[in-house]
Amino acid sequence: MEEASTSASGGRAFPRARSGLYYRFTQQNLPAWKPAMTSGCLIAMFLIIGVAFVPFGLVCLHASNHVAEIIHRYDVDCIPNGYKGNKQAYIKDSSISKNCTQEVKVLNHMKAPIYVYYELENFYQNHRRYVKSRSDKQLRYGEYTGTSCSPVEWDNGHPIVPCGLIAWSLFNDTYSFTCGSKEIKVNRKNISWKSDREHKFGKDVYPSNFQNGSLIGGGKLDPAVPLSEQEDLIVWMRTAALPKFRKLYGVIEEDLQVEETITILITNNYNTYGFGGKKSIVLSTTTWLGGKNDFLGYAYLVTGSLSIFMSILFALIHVKNPRPPGDPNCLSWNRKNSSS
């Protein structure tokens, strides 16, 4: 075994055998461990999962229930009585004031920071054509040579910056808040992802020819401010996966007390009436788990409860019909032979 053999192709010598770890690895002769999934192992596994998941689910639900949240839908209430039957005429007529005043009451103490979101429903930002109608190269460098922004690409032979349907349909409702005679300030800085501001939107790219056509889609942009500082646009350009979504509008950096009445001055500019959409404003606090979301807690509770139920069921079956591990009589082909 220690001698060398010569290959038939030309005299190069190879060792017939090798010793040590390399040889054992190449010959797949290393020690291995394979768990034996016995009845006791499975019962213990399901029991551990259940004991771990159920308490964690309760903790998640407790954290979600401690989130103070106000949701107020305003798209119906902000239509004047004379236009209730023709909402499209109201929203498209620029001569009509779009200002609307709404009041909400704080039912639970809301500790700063309080996040202000606008919520849209029945708005499909995940539509394939809508998602593709943008130019990331233009947003970053100001260059556009392709056709990905169709049908919002050019205006009288000049490129539109930013181009595409996503930017064209920019949300443009605005909100301001007062409590009695005191104005509640909303911080609108740093509401977008830092990575988006620094890497996806150019600091030397400025809007041009935006919303200058006959068909206006949404909000306008300041042509003197670079795209990297247009945070409303940056937030809007990160498209949502579901037809009901929230996007951050700003942050209130002072507490709101119980039973306070908050007056919201809304400019109802955005047209959701043409496709049956809904608009709401949301004020929400957060916990260590984030915003209000009961799904995670219920998911852990259901999974943990099912695991405990399965462990009890397997234990009862094992007690009633025990099966010794490694019993060859339990093999399918042995059972067939014994029955015949």
Trainee: When you measure from the side chain of Thr285 to the backbone of Ala68, do you find a donor-acceptor pair of N or O atoms at a distance under 3.5 Å?
Mentor: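 A pair under 3.5 Å: yes.
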
Trainee: Go through it in stages, so that I can follow the logic: the residues are Ile166 and Thr239, the test is side-chain contact (heavy atoms from CB on, under 4.5 Å), and I'd like the CA-CA distance, side-chain angles, deciding distance and then a yes or no.
Mentor: CA-CA 8 Å; Ile166 306 177; Thr239 54; 3.8 Å; yes

Trainee: Of the non-hydrogen atoms in Lys105 and Ile70, which two are nearest, and what is the gap between them?
Mentor: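 Closest heavy-atom pair between Lys105 and Ile70: O-CD1, 4.0 Å.
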
Trainee: So does Phe295 have more than 12 non-hydrogen atoms from other groups sitting under 6.0 Å from CZ?
Mentor: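 No, not enclosed.
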
Trainee: Keeping the roles fixed (side chain from Asp173, backbone from Asn269), state whether a donor-acceptor pair exists under 3.5 Å.
Mentor: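 Yes.
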
Trainee: Looking at Lys182 and Glu254, does any basic side-chain N land under 4.0 Å from a carboxylate oxygen?
Mentor: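 Yes.
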
Trainee: Give a yes or no on whether Tyr273 and Ile96 share a hydrophobic cluster (residues Ile, Leu, Val, Met, Phe, Trp, Tyr; joining criterion: side-chain heavy atoms under 4.5 Å apart).
Mentor: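 Yes; tracing contacts between hydrophobic side chains, which count when under 4.5 Å, links both residues.
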
Trainee: Within the structure provided, determine whether Lys247 and Tyr117 are in side-chain contact (heavy-atom separation under 4.5 Å).
Mentor: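 When only atoms from C-beta onward are counted, Tyr117 and Lys247 do not touch, as no gap falls below 4.5 Å.
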
Trainee: Do Asn209 and Asn212 have side chains that get closer than 4.5 Å, going by heavy atoms?
Mentor: yes

Trainee: Using the benzene-type ring in the case of Trp, are the ring centres of Trp236 and Phe201 under 6.0 Å apart?
Mentor: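 For Trp236 and Phe201, the ring centres are not under 6.0 Å apart.
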
Trainee: Hey, are the side chains of Glu103 and Ile264 touching, using non-hydrogen atoms and a 4.5 Å cut-off?
Mentor: no

Trainee: Begin from the C-alpha positions of Asn187 and Ile252 and carry the test side-chain contact (heavy atoms from CB on, under 4.5 Å) through to its verdict.
Mentor: CA-CA 6 Å; Asn187 182 10; Ile252 297 175; over 6 Å; no

Trainee: Compare every heavy atom of Cys163 with every heavy atom of Gln138, then report the nearest pair and how far apart it is.
Mentor: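 Scanning both residues, the minimum pair turns out to be OE1-N, 3.0 Å.
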
Trainee: Above 12 or not: heavy atoms from other molecules or residues under 6.0 Å from NZ of Lys189?
Mentor: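 No - once you tally the heavy atoms of other residues, nucleotides and ligands closer than 6.0 Å, there are 12 at most.
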
Trainee: Checking Arg197 against Ser192: is there a side-chain donor and acceptor pair closer than 3.5 Å?
Mentor: yes

Trainee: Looking only at heavy atoms, which two atoms of Gly50 and Ser307 are closest? And how far apart?
Mentor: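 Shortest heavy-atom contact: N-CB, 3.8 Å.
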
Trainee: Would you say the side-chain atoms of Gln211 pair up with the backbone N or O of Trp168, donor to acceptor, closer than 3.5 Å?
Mentor: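 A pair under 3.5 Å: yes.
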
Trainee: Working to the nearest 0.5 Å, report the span between CD1 of Ile49 and CE of Met310.
Mentor: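 These two atoms lie 11.0 Å from each other.
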
Trainee: Step by step, work out the side-chain contact (heavy atoms from CB on, under 4.5 Å) result for Leu265 and Thr101.
Mentor: CA-CA 5 Å; Leu265 177 61; Thr101 301; 3.8 Å; yes

Trainee: Hey, does Tyr206 have a side-chain heavy atom less than 4.5 Å from the side chain of Asp222?
Mentor: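 The answer is no, as the side chains (C-beta and beyond) never meet within the 4.5 Å cut-off.
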
Trainee: Looking at every heavy atom in both Leu61 and Leu301, which two are closest together, and how far apart are they?
Mentor: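 For Leu61 versus Leu301, the nearest heavy atoms are CD1-CD1, 3.4 Å.
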
Trainee: More than 12 heavy atoms of other residues, nucleotides or ligands under 6.0 Å from OH of Tyr90: is that the case?
Mentor: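 Yes - once you tally the heavy atoms of other residues, nucleotides and ligands closer than 6.0 Å, there are more than 12.
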
Trainee: Is a salt bridge present between Lys194 and Glu231, judged by a nitrogen-to-oxygen distance below 4.0 Å?
Mentor: no

Trainee: Applying a strict under-4.5 Å side-chain criterion to I, L, V, M, F, W and Y, I'd like to know whether Val319 and Phe46 cluster together.
Mentor: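 Different clusters.
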
Trainee: Who are the side chain to side chain donor-acceptor pair (under 3.5 Å) partners of His109, not counting sequence neighbours?
Mentor: Gln257

Trainee: Tell me if a side-chain donor or acceptor on Ser133 pairs with a main-chain N or O of Leu165 at a distance below 3.5 Å.
Mentor: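 Checking the backbone N and O of Leu165 against the side chain of Ser133, a donor-acceptor pair under 3.5 Å is found.
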
Trainee: Pick one: which of Lys132, Arg134, Arg140 meets salt bridge (Lys or Arg N to Asp or Glu O under 4.0 Å) with Asp136?
Mentor: Arg134

Trainee: Considering all heavy atoms of both residues, which atom of Val116 and which atom of Leu248 are nearest to each other, and what is their separation?
Mentor: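 Taking Val116 first and Leu248 second, the nearest heavy atoms are O-CD1, 3.4 Å.
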
Trainee: Do Tyr74 and Tyr175 come within less than 4.5 Å of each other through their side chains, counting heavy atoms only?
Mentor: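 They are in side-chain contact.
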
Trainee: Shared ILVMFWY cluster between Leu47 and Met45, side chains joined below 4.5 angstrom?
Mentor: no

Trainee: Less than 4.5 Å apart, side chain to side chain, heavy atoms only: is that true for Val54 and Ile308?
Mentor: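 Heavy-atom side-chain distance check passes, below 4.5 Å.
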
Trainee: Can you measure from CG (Asp196) to NZ (Lys200) and round to the nearest 0.5 angstrom?
Mentor: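 Nearest 0.5 Å value for the CG-NZ distance: 5.0 Å.
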
Trainee: Is it the case that the side chains of Ser148 and Ser135 hold a donor-acceptor pair, with the cut-off being a distance below 3.5 Å and no angle test?
Mentor: no

Trainee: Do you reckon Phe53 sits in the same ILVMFWY cluster as Val59, going by side-chain contacts under 4.5 Å, direct or chained?
Mentor: yes

Trainee: Testing the 3.5 Å rule here: is there a donor-acceptor pair between the side chains of Ser64 and Asp294?
Mentor: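 Side chains of Ser64 and Asp294: pair found under 3.5 Å.
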
Trainee: Rounded to the nearest 0.5 Å, what's the gap from CD on Gln125 to CG on Leu120? Could you check?
Mentor: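 The CG atom of Leu120 is 8.0 Å from CD of Gln125, to the nearest 0.5 Å.
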
Trainee: Are any non-hydrogen side-chain atoms of Gln88 and Ile91 less than 4.5 angstrom apart?
Mentor: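 In contact.
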
Trainee: Look at the aromatic rings of Tyr270 and Phe171 and report parallel, tilted or perpendicular, splitting at 30° and 60°.
Mentor: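 Because their plane-to-plane angle lies in the 30° to 60° range, the rings of Tyr270 and Phe171 count as tilted.
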
Trainee: Distance check, rounded to the nearest 0.5 Å: Leu221 atom CG versus Asn172 atom CG?
Mentor: 10.5 Å

Trainee: Assess the side chains of Lys87 and Asn271: does a donor N or O sit below 3.5 Å from an acceptor N or O?
Mentor: no

Trainee: Check this for me, if you would: do Lys292 and Glu69 make a salt bridge, where the nitrogen-to-carboxylate-oxygen distance has to be below 4.0 angstrom?
Mentor: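 Looking at Glu69 together with Lys292, the answer is no, because their closest N to O distance does not fall below 4.0 Å.
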
Trainee: Classify the angle between the aromatic ring planes of Tyr118 and Tyr249 as parallel (below 30°), tilted (30 to 60°) or perpendicular (above 60°).
Mentor: perpendicular

Trainee: Test side-chain contact (heavy atoms from CB on, under 4.5 Å) on Val186 and Ser176; report intermediate values, then the result.
Mentor: CA-CA 8 Å; Val186 180; Ser176 59; over 6 Å; no

Trainee: On a heavy-atom basis, which atom in Phe210 and which in Ala167 lie closest, and how many Å separate them?
Mentor: CZ-O, 3.1 Å

Trainee: With rounding to the nearest 0.5 angstrom, report the SG to CG distance, Cys100 to Asn268.
Mentor: 6.5 Å

Trainee: Would you check if the side chain of Lys84 reaches a backbone N or O of Ile79 as a donor-acceptor pair within less than 3.5 Å?
Mentor: yes

Trainee: Is there side-chain contact between Val67 and Thr286, with at least one heavy-atom pair below 4.5 Å?
Mentor: no

Trainee: Between the side chains of Asp232 and Arg188, is the shortest nitrogen-to-carboxylate-oxygen separation below 4.0 Å, so that they form an ion pair?
Mentor: yes

Trainee: Do the side-chain N and O atoms of Ser169 and Tyr130 include a donor-acceptor pair separated by under 3.5 angstrom?
Mentor: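 There is such a pair (donor and acceptor under 3.5 Å, judged by atom type) between the side chains of Ser169 and Tyr130.
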
Trainee: Is the backbone N or O of His62 less than 3.5 Å from a side-chain atom of His66, with the two atoms forming a donor-acceptor pair by type?
Mentor: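 At least one qualifying donor-acceptor pair exists.
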
Trainee: Under a 4.5 Å side-chain heavy-atom rule over Ile, Leu, Val, Met, Phe, Trp and Tyr, are Val104 and Ile266 clustered together?
Mentor: yes

Trainee: Rounded to the nearest 0.5 Å, what separates atom CG in Leu170 from atom CD1 in Ile216?
Mentor: 12.0 Å

